[in-house]
Amino acid sequence: MYWSQLYVPTLRENPAEAEVVSHQLLLRAGYVRQLAAGIYNYLPLAQRSLLKIQQIIREEMDAIGAQEMLLPALNPAEVWKESGRWDVMGDNMFRLKDRFGRDLCLGMTHEEVMTALARGEVRSYKQLPQIWYQIQTKFRDEPRPKSGLLRVRQFIMKDSYSFDLLPAGLDVSYEKHRAAYYKIFERCGLKFLAVEAHSGAMGGSQSHEFMVESAAGEDFVAVCESAGYAANLEKAVSTPVPPAAPDVEGDLAPEEFHTPGQKTIEQLVAFTGVPATNLMKSVVYVCDDKPYLCLLRGDHQLNEAKLGSATGASDLRPAHPAEIQDWFGAAPGSLGPVGVKAMPILLDSALAGRKNLITGANKDDYHLRHVTPGEDFTAVTHDLRQVAEGDTHVETGAPLKIVKTVEIGHIFKLGYKYSESMGLKVLDQDGKEVTVIMGSYGIGVERILCAAIELFHDESGMSMPASIAPFQVVITPVYYSDPAQKEAAEQLYKECKALGIDALLDDRDERPGVKFKDAELIGIPYRITIGKKLPQGIVEVVTRRTKSAEEVTVAGAAAHIAQLLRG
RNA sequence: CGGGGCGUGGCUCAGCCUGGUAGAGCGCCUGGUUCGGGACCAGGAGGCCGGAGGUUCGAAUCCUCUCGCCCCGACCA
């Protein structure tokens, strides 16, 4: 491709609307233009890059025996009603009606359509397993699109679905995907983490997310490199830091004491002189319309996902102050478990075995000391606590750190959720009907592009991994008007093409500085500069990421680039 | 949906408070001089100031409504 024939509208300044780096650079480097909130035009550079990403995905999916299909984005309501998700998806689903008034929607994921397809086709265990996938546009009416291409309302997703006769088969399909995802993200040049993810209230299911560390991310992950542990904070477990003081000894009875105006843990710590680790915090949640009292160590935070797992509820919210007043006869800030009968009490496992703690008295401005779980109240113990920075790995005791990440892929053992609700069954060897077990696996294509930019950029612009850069090399004759440089550039371009190198020839009549700046901004990994040493048969090869230059012969330049690309 | 910010040539912004009929830099076009890190000179094109209504002799500017975009939160398959 010749630059003069490529539409690359680079900008000198960052557009005001962009805040995160990948968004700024995508606009500035002429990759994308916004049409509306969360809806983008992909210009030639973005499209080239996205196609390369898709090709990598395609090759690795095909390599595990997955079969590419293309399903409609426009879906009839019926299949979504069968699974129950027509209602569950709520406002996140784009809905429309056809001319006869029939309900339709734009697909946000394709479990329903894939299951409906399989149900109509697959009859026998002999036809299993199957892995079906597509690379297709998804639509989600996000409450708040943001961060450029990171959270949008229309995006490209690789989604695949596995169909197996038995759980052991699902395990195989899942492992195939996990291995393929490693290869895909490695080939895309990303540094990423595979983390254990929250598997929802379905039980027994397994889930991993693939995350790239980035300040622009929205998910937090607990990581312990030495132990090889990484988990989404929704799911992560750890050993908390030990209590700052030993528990008061003795078989003591609860004892009320006056704490005027002391509502928060910080206030209580200051007032009593007792460290937060020796206080017991009471948090009231309403889970699927039922109230629960959750007890945590004073310095710990409740994790809603874990509470959801503990209660089996899907709809969680903190109780309103009025409800709390009703149930406890006291305001938040003086709540505790002693004497509570109206609701189940859940004790965080970090408090198991502790004794003589301070907690609320269910009486405004009073607290109790010497409260011991199991003696002074009865509770069910669950892991409810959010892992915090400074906690340690449960087995090795090595410290955990918490990092902010962008999710680029997610693999999930669905189990029977869709096959059961939608009636996907096959006959087994004994002629008996068996419900098929499924998995689903997604990759956000644009997010790979964003993550690469977030990972690899500097003050000059992007520094794309060679495998997904719009071009692998840019040939920059300093003066294209110089016949010798022009001829050398065109010759080099042909040689690159012959070697299968995706080359861009900057044939523009621009000053050298402009060409260098543009090439660096759009992030092409290698540049061949043809300039003053051409008469001696020498050109310069510049590596974008390091900005290091080396001189090579014109004759050997294309082969040199090919060598660099081979890595 | 709650809170905040912003809408003025393609881009970044000034002008608004204190109403008098629109500016700068970059980009774009033409000509010339330049030319290894976003050149310079001269000339030029391009905006009913997001939209509607109101106040006023007169509105980019004041008032009301509305639409859009961004950020924080809520939410998030």
Side-chain angles (χ1 to χ4, degrees), chain A residues 7 9-20 23-24 27-30 33-40 75 80 83-94 105-112 138-148 150-153 155 157 159 197-202 207 209 216-219 232 234 304-305 314-318 407 410 412 414 417-418 440-442 444 459-461 476-482 485 506 508-522 527-534 538-540 542 547 549 551:
Chain A
Y7 191 64
T10 57
L11 305 172
R12 291 200 182 208
E13 291 168 281
N14 275 326
E17 73 216 36
E19 198 129 315
V20 310
H23 189 198
Q24 290 176 342
L27 289 168
R28 200 148 91 76
R33 289 293 183 257
Q34 185 178 47
L35 179 63
I39 305 177
Y40 285 84
N75 295 179
W80 289 85
S83 73
R85 292 209 291 183
W86 179 258
D87 295 322
V88 171
M89 291 305 193
D91 288 338
N92 265 17
M93 181 181 261
F94 280 107
C105 66
L106 299 178
M108 37 199 304
T109 175
H110 276 69
E111 281 81 6
E112 281 80 0
K138 299 285 186 267
F139 298 87
R140 298 182 186 183
D141 195 359
E142 290 287 341
R144 185 149 90 83
K146 60 175 189 164
S147 307
L150 279 172
R151 183 161 292 277
V152 288
R153 296 194 287 175
F155 60 97
M157 186 184 214
D159 49 321
H198 185 59
S199 52
M202 285 183 276
S207 172
E209 290 168 330
E218 298 183 285
D219 285 295
N232 193 305
E234 291 183 336
E304 283 196 15
S314 55
D315 183 33
L316 310 180
R317 64 170 175 85
E407 178 186 349
H410 199 161
F412 201 97
L414 288 176
K417 184 176 164 73
Y418 300 93
S440 86
Y441 317 86
E459 61 291 338
S460 304
T476 307
V478 173
Y479 304 114
Y480 195 65
S481 52
D482 176 308
Q485 289 190 14
D506 194 345
R508 293 177 299 168
D509 181 23
E510 289 285 356
R511 294 166 61 85
V514 173
K515 296 189 191 185
F516 296 154
K517 292 282 186 197
D518 272 346
E520 282 160 12
L521 179 60
I522 68 174
R527 185 180 83 214
I528 303 173
T529 308
I530 300 173
K532 50 184 177 259
K533 289 202 176 167
L534 180 63
I538 300 291
V539 295
E540 193 178 62
V542 182
K547 293 197 172 170
E551 294 187 340

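What you see below is based on every heavy atom in this structure, not just the backbone, and it leaves out hydrogens, waters and symmetry mates. Throughout, a chain's letter reflects where its sequence line sits, starting with A, and its residues are numbered from 1.
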Legend entry - Sequence-distant partners of A:A37, side-chain contact (heavy atoms from CB on, under 4.5 Å), two or more places apart: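 Expected list: A:P145, A:R153.
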Legend entry - B:rG37 base / A:R527 side chain donor-acceptor hit below 3.5 Å: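 Looking at the base of B:rG37, it does pair with a donor or acceptor on the side chain of A:R527 (distance under 3.5 Å).
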Legend entry - B:rG37 base / A:E520 side chain donor-acceptor hit below 3.5 Å: yes
Legend entry - Partners passing salt bridge (Lys or Arg N to Asp or Glu O under 4.0 Å) against A:E218 (at least two apart in sequence or in another chain): A:K146, A:R151
Legend entry - Residue list, salt bridge (Lys or Arg N to Asp or Glu O under 4.0 Å) with A:E520, at least two apart or on another chain: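 Scan of A:E520 (salt bridge (Lys or Arg N to Asp or Glu O under 4.0 Å), adjacent residues dropped) gives A:R527.
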Inset, instruction - Not counting sequence neighbours, which residues clear ring pair (Phe, Tyr, Trp, His ring centres under 6.0 Å) with A:H23? List them please. - result: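 So A:H23 forms a ring pair (Phe, Tyr, Trp, His ring centres under 6.0 Å) with A:Y40.
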Give one of base, sugar-phosphate or nothing for [X], where a contact means two heavy atoms less than 4.0 Å apart.
X	answer
A:R317	nothing
A:K146	sugar-phosphate
A:S147	sugar-phosphate
A:A36	sugar-phosphate
A:E111	nothing

Inset, instruction - Go along nucleotides 8-15 of chain B 5' to 3' and tag each nucleotide: B for a protein heavy atom under 4.0 Å from its base, S when only backbone or sugar atoms are that close, - otherwise. - result: ---BSS--
Contact list (N/O, under 3.5 angstrom) for nucleotides 74-76 of chain B vs protein:
residue	atom	partner	partner atom	Å
B:rC76	O2	A:R151	NH1	3.3

Inset, instruction - Both distances under 3.5 Å, Watson-Crick or G-U wobble: report the partner of B:rU33, or none. - result: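 Partner of B:rU33: B:rA39.
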Inset, instruction - Provide the closest heavy-atom pair for A:H410 versus A:S207 in the form atom of the first, atom of the second, distance. - result: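 Reported closest heavy-atom pair: NE2-OG, 2.6 Å.
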Legend entry - Neighbour count >12 (heavy atoms, 6.0 Å) for atom NZ, A:K547: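 For A:K547, atom NZ is crowded (more than 12 foreign heavy atoms under 6.0 Å).
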Inset, instruction - Using whole Å, report how far CD of A:Q24 lies from C1' of B:rC71. - result: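 To the nearest whole Å, that distance equals 13 Å.
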Inset, instruction - For B:rG68, take OP1 and OP2 only and decide whether either is under 4.0 Å from a side-chain N or O of A:Q34. - result: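 For B:rG68, OP1/OP2 do not have a side-chain N/O of A:Q34 under 4.0 Å.
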Inset, instruction - Give a yes/no on whether any side-chain N or O of A:R511 is located under 4.0 angstrom from OP1 or OP2 of B:rG38. - result: no
